[in-house]
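One-based numbering along the sequence shown.
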Amino acid sequence: MGEWAIDLALVRGDLFGWEVLAQLQDVIPAITAGGGLVFTCSDRDLFEGVYQEVGRQFPDLTYLRFANTNTLLLLKVSLLG
């Protein structure tokens, strides 16, 4: 079996706590060009910590954060050009 590729993923931080970082480190590299990931979490501190760490580890992604919610859309695309 070859490598797996992901077009769209949903990750709920509430289900995994801080272990969600390890899951994201595994999932994000498998997202296909043009694909994305939705991360949501009701715990504000966990959401903020994950947002900061993922942004540091994967600076080439496009991040869309939704106002007044703990929801983040990560896209493997460039919105420039």
- Message: Do L61 and V11 land in one hydrophobic cluster if side-chain heavy atoms of ILVMFWY residues count as linked below 4.5 Å?
- Response: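 Both belong to a single hydrophobic cluster.
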
- Identify whether L37 and L10 are in the same connected component of the hydrophobic contact network (ILVMFWY, side-chain heavy atoms under 4.5 Å).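 No, L37 and L10 fall in different hydrophobic clusters.
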
- Item | Step-by-step side-chain contact (heavy atoms from CB on, under 4.5 Å) determination, L46 to D14 | CA-CA 9 Å; L46 177 59; D14 300 311; 5.6 Å; no

- Query: Say you draw a straight line from CG of L74 to OG1 of T62; how long is it, rounded to the nearest 0.5 Å?
  - Reply: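 Here the interatomic distance stands at 9.0 Å.
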
- Note on the structure: Separation between CG (L73) and CZ (R65), nearest 0.5 Å, reads 13.5 Å

- Message: With heavy-atom distances below 4.5 Å as the criterion, would you say the side chains of T71 and V38 are in contact?
- Response: yes

- Task: Might you point out which heavy atoms bring L72 and F66 nearest each other, and give the distance in Å?
- Result: N-CD1, 4.5 Å

- Query: Can you list every ring pair (Phe, Tyr, Trp, His ring centres under 6.0 Å) pair that touches residues 20-65, not counting sequence neighbours?
  - Reply: F39-F47

Using a 3.5 Å cut-off and no angle test, enumerate the donor-acceptor pairs between side-chain atoms of residues 19-32 and protein atoms at least two apart in sequence or in another chain.
unit_1, atom_1, unit_2, atom_2, d
Q25, NE2, Q57, OE1, 2.9
T32, OG1, I6, O, 3.2
T32, OG1, D7, OD1, 2.9

